[in-house]
Q: 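Dumping the structure here so I can ask a few things about it.
Keep in mind the model is a prediction, meaning the values are calculated, not measured. Order of the sequence lines sets the chain letters (A, B, ...), proteins ahead of strands, with each chain counted from 1. Reckoned from all heavy atoms, side chains included, excluding hydrogens, waters and symmetry mates.
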Number of protein chains: 2
Amino acid sequence: MSEPKIQDVARLAGVSPSSISNFLNNRMEQMRPATQLKIQQAIQELGYRPNNAARQLKTGVASMVGLLVPSLANQYFGALACAVEIAAAKYHCHVMTFSTFRDPAREREVMADLMAYNVQGIITGSALNDTENLEALAVRCPVVAFDVTRSNEEHARISTISIDNATATSMAVEHLVHLGHRSIVLVTPPPLTLNRQARANGFSKAIANAGITGDLVIIDPTDAPIDPHGDTQLFALGRSAAAKIMAAPFRPTAAIAINDMMAIGVGVGMKHLGVQIPKDFSLIGIDDIFFAAAHDPPLTTLRQPIQAMANAAVTRILAPTGIPGDEVFAPELIVRGTTAAPGK
Amino acid sequence: MSEPKIQDVARLAGVSPSSISNFLNNRMEQMRPATQLKIQQAIQELGYRPNNAARQLKTGVASMVGLLVPSLANQYFGALACAVEIAAAKYHCHVMTFSTFRDPAREREVMADLMAYNVQGIITGSALNDTENLEALAVRCPVVAFDVTRSNEEHARISTISIDNATATSMAVEHLVHLGHRSIVLVTPPPLTLNRQARANGFSKAIANAGITGDLVIIDPTDAPIDPHGDTQLFALGRSAAAKIMAAPFRPTAAIAINDMMAIGVGVGMKHLGVQIPKDFSLIGIDDIFFAAAHDPPLTTLRQPIQAMANAAVTRILAPTGIPGDEVFAPELIVRGTTAAPGK
DNA sequence: CTGTTAGCGCCTTCAA
DNA sequence: TTGAAGGCGCTAACAG
């Protein structure tokens, strides 16, 4: 037995297919309550569901948004996918998620797939590996890039969503200064992206403002094995960074890591060096992924308001204002157990 | 400008639409190489992509499998989704993932949505909350349930994929016995599901075999706040379990947790009690989620071969043998830093 | 308020 | 080897 169709429902309810269609699309004013009831019952009885493909072919749009992430095995992006799903559900819209594994060819491929599905828009949490392609896509449907900031008017068609990266590192520095730290590092892979540059700038500015010592500890990612699935690379990088941090000539008493994954790595590396956190050394991450709280001691971090950001991204697609734009969210300092006054 | 259609390609290539269709569906024997080339070029030039909705409406099937998980924010299920995506890609098939948040009503809803998309099959990592519904679904398309074992022939239509749960706990006990432990607990929420029962049985049998002391420490989940998104509950539960474990009359020297999330919680709880792992106490988890390796010390655990399991699930759907079945995978002992000889 | 009708883009015979 | 034609299930005019 195959799926019931709109005709079957119409026959059972004793009305025409168009009334069923009206009913399904909430045009209740076009029929008598009695008709509504009959339709309702017929649908129930047959277990009828409209065929998405047919509907989509007719209307030209799918109730679907596309999401690109480097990998769902990375907990941050799993959480993002979850947040996007929740946000889209408010519009009765589904989400199709693809992992790109940071492969530009796959990214292009996957975008084309998404277009073939007639998605209403695309959210990408995968870096702007291929801005030209993204820009071309944005002609067809709204494109929202996560955690990306535009340098100029190059990408006039793309909207972006991110936290205020400079503020995040400034807040981290201020928190540490407030605790009494006078020598702080920012641990990061080479700051090639605009985001990381912004974090580095925020850091430097705050250091200068406070009139204290501070520098970047840049970790070469070629040191660590590449892991396209789980993105565990930053963890490994962080762990290996610990020694480099402690060897810095200006003897930092605290570190800010570019994100939580790296911070957790630094934390583990420090422990192996016999450095006690937060007694001997303070540590701050960025993101507030779940395992920040499960780390020991629980990681102080700057939280990204991920649900709010997902909501904003989805709104840009499903309730567009017309013009693309950039939305910047404030990070929130979550003080936990890895920060304390130096030597305490 | 709207998407190019098969007609446009045909016109540009100077052939008929059906040749394009033949080309797209790899029926090359039906045309001259020269024609192939022309078609190839025309497709390239227009950036043509067949419209999924139209194709699906015509053929009745979508190249799509559905995946249900409690929440993608839970790292285990993010990793599962990633593995399923990789497995499905080999069949040129896409994955549509839904989070159920362990809400039976939402689970039913989402399954119906999936059916409306004409998915080729459904994989569920969400517990069999509603077996009747699943069973009914299995009439329409293959259904594969993850981490579920059937008690009897009730669910004749559903296939299952899981590790050998009894063996997992047995292996854990044997590893600990080998290290010299003589008193071991299994920490678990009430073993209501068949899986947990199997783990408890495997534990008890191995304890009896070894002729040592062992018991279950059952943690009431009402103690911890519910977290439908991230499933952090087991972590909190594990942390609070530490005291209960240490207070057990038979003075265990090691614990096996029902999964890694709980094990990590126990590890943190122990540290707060001043119990040093593995010197004072040994700890084993199950799953091998990414953060098992990032825990400090790195968690000894029984790994689920998640990619192999995902491959098997996808194969059941996209290359079905016809009859549903159960596939059981062997867990793999990953010895890391949380297990040692007692008192060492 | 309800029924009729003409496609949406593609695939698949069938005939040429 | 290619072209023509019908229809997948649904929607949205438009006519009654």
Side-chain angles (χ1 to χ4, degrees), chain A residues 1-40 42-43 46-64 92 112-113 115-120 140, chain B residues 1-40 42-43 46-64 112-113 115-119 140:
Chain A
M1 92 230 205
S2 75
E3 300 288 329
K5 9 201 121 170
I6 207 168
Q7 298 275 7
D8 301 323
V9 182
R11 205 173 314 121
L12 181 61
V15 300
S16 81
S18 64
S19 289
I20 311 292
S21 176
N22 285 334
F23 179 89
L24 292 172
N25 294 286
N26 262 312
R27 285 185 284 267
M28 299 308 182
E29 66 286 359
Q30 309 219 13
M31 72 196 79
R32 215 179 346 222
T35 308
Q36 270 181 50
L37 200 65
K38 278 191 298 185
I39 294 177
Q40 170 76 55
I43 288 178
L46 265 49
Y48 170 77
R49 291 237 122 199
N51 177 319
N52 277 326
R55 170 177 275 180
Q56 176 182 333
L57 181 58
K58 180 67 189 173
T59 60
V61 295
S63 285
M64 198 147 84
H92 304 288
D113 285 342
M115 294 307 296
Y117 277 109
N118 274 308
V119 293
Q120 297 193 251
R140 317 294 213 161
Chain B
M1 93 229 206
S2 74
E3 299 289 329
K5 10 201 117 169
I6 207 168
Q7 298 274 8
D8 302 322
V9 182
R11 204 175 314 121
L12 181 61
V15 300
S16 81
S18 65
S19 290
I20 311 292
S21 175
N22 285 333
F23 179 90
L24 291 172
N25 294 284
N26 261 313
R27 284 185 286 269
M28 298 309 181
E29 67 286 357
Q30 310 219 12
M31 72 196 79
R32 216 173 350 218
T35 309
Q36 272 181 47
L37 198 66
K38 279 192 297 185
I39 294 177
Q40 171 75 53
I43 288 178
L46 265 50
Y48 170 76
R49 289 239 124 198
N51 177 317
N52 278 325
R55 169 175 275 182
Q56 176 181 335
L57 181 57
K58 183 64 190 174
T59 62
V61 296
S63 286
M64 197 149 84
D113 285 343
M115 295 308 296
Y117 277 109
N118 273 308
V119 292
R140 315 293 213 167

Q: One pair to check against side-chain contact (heavy atoms from CB on, under 4.5 Å): B/Leu24 and B/Tyr48. What are the steps and the verdict?
A: CA-CA 11 Å; B/Leu24 291 172; B/Tyr48 170 76; 3.8 Å; yes
Q: Does any part of the side chain of A/Ile43, heavy atoms only, come nearer than 4.5 Å to the side chain of A/Phe23, both counted from C-beta?
A: yes
Q: If you check the A/Val15 side chain, which of D/dC10, C/dT2, C/dG3 turns out closest?
A: C/dG3
Q: Could you state the CZ-C1' distance from B/Arg32 to D/dG3, rounded to the nearest angstrom?
A: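 So the CZ-C1' distance, B/Arg32 to D/dG3, works out to 14 Å.
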Q: For B/Ile6 and D/dG6, what is the distance between atoms CD1 and P respectively, to the nearest whole Å?
A: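 Nearest whole value for this atom pair: 18 Å.
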Q: Check DNA chain D against residues 21-29 of chain B and give the residues with a non-hydrogen atom under 4.0 Å, in numerical order.
A: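 The answer is B/Glu29.
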Q: For B/Ala116 and A/Pro50, which heavy atoms make the closest approach, and how far apart are they?
A: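 Distance-wise, the nearest heavy atoms are CB-O, 3.6 Å.
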Q: With sequence neighbours left out, which residue pairs that include part of residues 49-58 of chain A fulfil the side-chain hydrogen bond (donor to acceptor under 3.5 Å, both in side chains) condition?
A: A/Arg49-B/Asp113
Q: Whole Å only: how far is the CZ atom of B/Arg49 from the P atom of C/dG9?
A: 17 Å
Q: Can you measure A/Gln36 atom CD to C/dC1 atom C1' for me and round it to whole angstrom units?
A: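 About 12 Å, once rounded to whole Å.
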Q: Between atom CD of B/Gln7 and atom OG of B/Ser16, what is the distance when rounded to the nearest 0.5 Å?
A: 9.5 Å
Q: Quick one: list whatever passes side-chain hydrogen bond (donor to acceptor under 3.5 Å, both in side chains) with A/Thr59, sequence neighbours left out.
A: none
Q: Could you state the CZ-C1' distance from A/Arg11 to C/dT2, rounded to the nearest angstrom?
A: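 From A/Arg11 CZ to C/dT2 C1': 17 Å.
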Q: Looking only at heavy atoms, what is the nearest atom pair of B/Tyr117 and A/Ser63, with distance?
A: OH-O, 3.8 Å
Q: Could you say whether B/Ala54 or B/Lys38 is positioned toward the 5' end of DNA chain D, judged by the nucleotide with the nearest heavy atom to each?
A: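 First, find each residue's nearest nucleotide; the 5'-ward one identifies B/Lys38.
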Q: Can you tell me which nucleotide in C/dC11, C/dG9, D/dT1 comes closest to the side chain of B/Thr35?
A: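 For the B/Thr35 side chain, the nearest candidate turns out to be D/dT1.
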Q: Ignoring hydrogens, what is the shortest heavy-atom contact between B/Ala53 and A/Leu57? Give both atom names and the distance.
A: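 Where B/Ala53 meets A/Leu57 most closely, the heavy atoms are CB-N, 4.0 Å.
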Q: Nearest whole angstrom, please: distance from the C1' of C/dC10 to the CG of B/Asn52.
A: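 Value for this atom pair: 11 Å.
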Q: Would you mind reading off the distance between B/Met31 atom CE and D/dG3 atom P, rounded to a whole angstrom?
A: 11 Å
Q: Counting only side-chain N and O atoms of A/Arg55, is one of them less than 4.0 Å from OP1 or OP2 of D/dG9?
A: no
Q: Where the side chain of B/Asn51 is defined as all heavy atoms beyond and including C-beta, which of C/dG9, C/dG3, D/dT2 is the nearest nucleotide?
A: C/dG9
Q: How close or far is atom C1' of C/dG9 from atom CD1 of B/Ile20, stated in whole angstroms?
A: 14 Å
Q: A/Tyr48 side chain N/O closer than 4.0 Å to the phosphate oxygens (OP1, OP2) of D/dC10?
A: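 It does, given that an N or O in the side chain of A/Tyr48 lies less than 4.0 Å from OP1 or OP2 of D/dC10.
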Q: Please set out all donor-acceptor pairs under 3.5 angstrom arising from side-chain atoms of residues 31-40 of chain B, sequence neighbours excluded.
A:
none

Q: Between A/Lys5 and A/Asp8 (salt bridge meaning N to carboxylate O under 4.0 Å), is one present in this structure?
A: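 A/Asp8 and A/Lys5: not salt-bridged.
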Q: To the nearest 0.5 angstrom, please state how far the CD1 atom of B/Ile6 sits from the CG atom of B/Leu46.
A: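 Going from CD1 on B/Ile6 over to CG on B/Leu46, the span is 12.0 Å.
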Q: Let me spell it out: for each of B/Ser19 and B/Leu57, pick the nucleotide of DNA chain D with the closest heavy atom. Which residue's pick is nearer the 5' end?
A: B/Ser19
Q: I'd like a table of atom pairs between the protein and nucleotides 4-6 of chain C - only N or O on both sides, under 3.5 Å - with the distance next to each one.
A:
{"unit_1": "C/dT4", "atom_1": "O4", "unit_2": "A/Ser18", "atom_2": "OG", "d": "3.4"}

Q: Bend across the helix from C/dC1-D/dG16 to C/dA16-D/dT1, to 10°, with axes taken over 5 pairs at each end?
A: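 Axis-to-axis angle, ends of the helix: 40°.
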